[in-house]
Structure formats: C-alpha cells, structure tokens
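Only one structure is covered here, and it is reproduced in the block below.
A quick note: this is a predicted structure, and the numbers were derived from the prediction, not measured.
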There are 2 protein chains.
Amino acid sequence: MGRRGDHSIEQIKEMALDAAETIVREQGYHHLSTRKIAKAIGYTVGTLYMVFENLDELILYLNGRTLDQLYEVIEPLVQRQDDPKRCIHEMTHTYLNFALQNRSRWNMVFEHRLPEGKDVPGWYPNKISELFNLLETPLRQLHQGESEQEIALKARVLWSSVHGICALALTHSLQHLGFDSPEPMIESLLKQNL
Amino acid sequence: MGRRGDHSIEQIKEMALDAAETIVREQGYHHLSTRKIAKAIGYTVGTLYMVFENLDELILYLNGRTLDQLYEVIEPLVQRQDDPKRCIHEMTHTYLNFALQNRSRWNMVFEHRLPEGKDVPGWYPNKISELFNLLETPLRQLHQGESEQEIALKARVLWSSVHGICALALTHSLQHLGFDSPEPMIESLLKQNL
DNA sequence: CTATTAATTAAACAGTGTTTAATTTAATTC
DNA sequence: GAATTAAATTAAACACTGTTTAATTAATAG
C-alpha cells in the first residue's frame with residue numbers, strides 16, 4: 001500500500017493547526033477557512049479532510065491548544081502557597097492578560113459553537129475543568145472546613161464571573177462611561193468575594 | 001417618482017425582522033441567511049439591501065429587540081422596593097429564565113460580532129447600559145452611602161458575573177460533574193455578594 | 001514490471017453575503 | 001391620457017464558503 005512520504009498524518013495535523021493559529025492570530029476567527037489553511041501548508045482541502053473530520057473538529061483542536069497554553073501560564077502561579085488571596089489575584093490578572101494578548105484565539109474559544117446536536121468530545125470540557133481546578137487550591141486555603149463540593153462550586157463561580165467580565169468588557173458591550181476596562185471590575189469582584 | 005405601494009420601508013423592515021426572529025428561534029443563529037429572510041417575506045435579497053445596510057445591521061436591530069424584550073421583563077421587578085436582596089434574586093432568576101427560554105436569540109446577542117474595525121452604533125451599548133442600570137436601584141439601597149460610581153461599578157460587575165455563569169453553563173463548557181445547571185452557581189454568587 | 005492501494009488533487013455541489021444591471025411599476029409632467 | 005421619469009424590485013452574477021466526488025498520482029507488494 002503506497003502512501004506519499006512527504007509528511008505523516010501527525011505532521012500534517014500539526015502543520016494545519018499551526019497555519020490555522022497564524023491565520024486566526026493575524027486575520028481573526030471569521031477569516032479562517034479550509035482553503036486558506038490548505039494553501040498555507042501546501043496541500044489541498046481534501047488532505048485536510050483526511051486528517052480532520054471537518055473544520056469544526058480542527059477548530060476544536062485549536063481551541064484545545066489555546067486552553068493548554070492558558071493552563072501553562074496559570075498553573076505555575078498555584079505554587080505560591082503562602083498568600084491565597086494574592087495567588088487568586090495573580091491568576092485572574094494572568095487570565096485577563098492572556099485574553100488581551102491572544103484576543104482572536106481567546107475569542108474563538110468562546111465564540112465557536114458546534115452545530116446543534118453535535119457535542120464536544122470529553123477531553124475538551126476536561127481541559128476547561130482542569131483550568132477551573134487551579135482555583136480550588138487557593139480557595140481551599142481560604143475557606144477551610146468547607147466541603148470539596150462547595151470549593152469546586154466556588155471555583156467555577158469565580159472563574160465564570162471573571163470570564164463574564166472579560167467577555168463583556170472586551171466586546172462591544174461595555175464601551176461606555178469608563179467601564180471599558182475590565183481591571184477595576186475584576187478588582188471589585190475579588191474585593192467582594194475573597 | 002414612482003414607488004411600489006405594497007409595503008412601506010418601515011413595514012418591510014419590520015417584516016424582515018419578524019421573519020429573521022422566527023428563523024433564529026426555529027433554526028438557530030447560524031441558519032439565518034438573507035435569502036431565507038427574503039423568501040419568508042416574499043421579496044428578494046435586493047430589497048433587503050434597500051432597507052438594511054447589510055446582514056450585520058439587520059442582526060444588530062434584531063439583537064436590539066431581544067435586549068428590549070429582556071428589559072421589559074426585568075424592569076417591572078425594580079418596583080419591589082421593600083427587599084432589595086429579593087429584588088436582585090428575582091432579577092437574576094428572570095434573566096436566567098429569559099436566556100433559557102430564548103436560547104437561540106440570547107446566544108445571538110453575545111455571539112454576533114461586527115467585522116473588525118466596524119463598531120456598533122451608540123444606541124446599542126445604550127440598551128445594554130439601561131439593562132445594567134436596573135440593578136443600580138436595589139444595589140443603592142443595599143450599599144447606602146457609597147458613591148454613584150461605586151454603585152454603577154457593582155451593578156456592572158454583578159451583571160457580568162451572572163452573564164458569565166449563564167454563558168459558560170449554557171454552552172459546552174461546564175457539562176461536567178453536576179455543574180451544568182447555572183442556578184446553584186448564581187445562588188452561590190449572590191450569597192457571597194449581597 | 002505489473003497490480004494494488006493509499007495519498008492527493010481537481011472539480012463539482014450547494015450554500016453564503018453582496019453588487020450589478022436589467023426590469024418592472026407607479027407617479028409626474030406635458 | 002400618453003410620454004417621461006424615477007424609484008422599487010428582481011434576476012443574475014461575483015467571489016467566497018464547507019464539503020464530497022471522482023480522477024490522478026505515487027509508492028509499495030507480489
């Protein structure tokens with residue numbers, strides 16, 4: 001059985017994801033297309049469909065990468081076990097910075113939707129869960145004696161709140177009366193909650 | 001100068017928005033198209049472009065309607081001046097219910113993005129601001145003596161947090177370990193903040 | 001060296017938003 | 001009332017999109 005040895009499937013997969021990442025970074029989510037990706041890696045769309053089920057799956061993997069990168073910049077902050085409040089402040093600040101500096105890709109993570117009916121493979125919400133879990137360590141220190149369920153809930157509520165502030169602040173929604181910057185909003189949130 | 005008297009521009013505008021609303025409600029945001037709208041109102045795409053600048057503008061008006069409807073179900077709750085905490089609980093609960101019962105349209109409000117560079121007309125963030133403002137009345141009662149700036153900030157932080165919880169809970173992000181339901185998360189948020 | 005089999009492509013399909021030129025239709029002017 | 005004029009409306013085109021198909025290329029197996 002003859003296969004063309006230029007690149008392995010794994011290689012093409014990575015090349016495609018790299019190319020897609022660049023396109024999204026430079027042109028934004030809505031300018032991403034299969035033909036652009038294919039052209040960038042020197043193949044045709046057909047090859048893309050050998051490696052990915054469809055564009056949605058490709059984007060899912062790309063978003064997985066973004067979540068991984070976010071994890072990698074936030075995870076090290078958990079080590080600072082001395083001051084949990086400071087730790088949480090740094091985590092939210094890092095999250096915000098990541099969102100700002102990787103705006104297109106971060107947007108894509110939350111804008112992209114699978115067609116009705118299709119739902120995401122298990123590893124995807126797992127990545128998000130792991131991100132949520134990072135908040136549990138400092139929160140456990142802060143609310144000692146509370147159940148793990150309660151800690152997990154608090155972590156998810158806090159992350160979601162920070163996310164909500166970022167999401168609204170970074171889009172059209174809040175450019176009004178000096179509330180366009182998310183930082184003071186997050187400060188206000190943390191002051192109330194910690 | 002001769003115009004065809006079947007419908008006025010205003011009428012066509014409304015018919016188009018009605019039709020679009022139905023399509024989004026029944027088929028979802030991503031199945032909305034100019035040709036479908038045109039067909040539904042018995043006209044051609046060209047007519048649509050006489051009345052709207054483009055599809056983005058049409059969607060913007062449609063989202064404006066959705067925001068108006070949300071305002072109309074939340075505004076009456078502000079009247080209950082006796083118990084601000086209860087008032088806020090009811091407002092968030094109503095928000096959540098609205099999001100659940102008008103999922104496609106509510107999604108569209110937050111999924112739709114104008115092309116880079118183009119930004120929304122002033123009346124749009126105004127509508128969002130008015131929605132935020134509804135929270136200020138009960139919050140003012142709750143935090144007496146604080147500056148108007150502080151109240152406004154708190155209102156925006158609270159709304160954004162509730163939105164973040166809704167947004168993550170209603171999409172692929174949290175279907176995990178019993179956190180798929182936003183209600184207990186919002187309860188937790190309010191317990192901490194009020 | 002031929003047959004097989006898989007990788008790759010070119011082309012097609014059905015859809016999209018938008019623009020253009022052509023065509024109706026109605027009101028205005030002579 | 002008929003000819004003119006201008007606006008409303010359409011049909012068709014353009015340049016895209018994601019995806020599928022059949023054809024082609026290249027490498028391996030016998």
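- Under a 4.0 Å N-O distance rule, the pair B:K85/B:E90 does not qualify as a salt bridge.
- A:D6 has its CG atom 16 Å from the P atom of D:dT25, to the nearest Å.
- Contact between the side-chain N/O atoms of B:T34 and the OP1/OP2 oxygens of C:dT18 is not found at any separation under 4.0 Å.
- Two residues are said to be in side-chain contact when any heavy atoms from C-beta on lie closer than 4.5 Å; B:I41 and B:L48 meet this criterion.
- Across all strands shown, B:L32 has heavy atoms under 4.0 Å from sugar-phosphate atoms exclusively, and none from any base.
- With rounding to whole Å, B:N54 atom CG is found 17 Å from D:dA15 atom C1'.
- Within the structure, every side-chain polar atom (N or O) of B:T44 is placed at least 4.0 Å from both OP1 and OP2 of D:dT9.
- When the P atom of C:dT18 is taken as reference, atom NZ of B:K36 falls 16 Å away, rounded to whole Å.
- One atom, CG of B:L48, and another, P of D:dT9, lie 12 Å apart when rounded to the nearest Å.
- Comparing A:H7 and B:D56 along DNA chain C, the residue whose closest nucleotide (by nearest heavy atom) sits nearer the 5' end is A:H7.
- Which of D:dT9, C:dT9, D:dT20 sits closest to the side chain of A:T47 comes down to C:dT9.
- Residue A:I12 contributes atom CD1, which lies 13 Å from atom C1' of C:dT9 at whole-angstrom precision.
- Put simply, CD on B:E53 is 15 Å from P on C:dG17, counting in whole angstrom units.
- Between A:K39 atom NZ and C:dA10 atom P the separation is 12 Å, expressed in whole Å.
- B:R35 contributes a side-chain N or O that forms a donor-acceptor pair with the base of C:dG17 under 3.5 Å.
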Derivation and outcome, side-chain contact (heavy atoms from CB on, under 4.5 Å), residues A:C87 and A:M91
CA-CA 6 Å; A:C87 177; A:M91 289 170 85; 3.8 Å; yes
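- Note: OH (B:Y43) to C1' (D:dA7) measures 13 Å, nearest angstrom.
- Crowding of B:H31 atom NE2: a count of heavy atoms from other residues, nucleotides or ligands under 6.0 Å not exceeding 12.
- Not one N or O on the side chain of B:E187 forms a donor-acceptor pair closer than 3.5 Å with the backbone of B:E183.
- Of the candidate nucleotides D:dT19, D:dT9, C:dG17, D:dT19 has the atom nearest to the side chain of A:V45.
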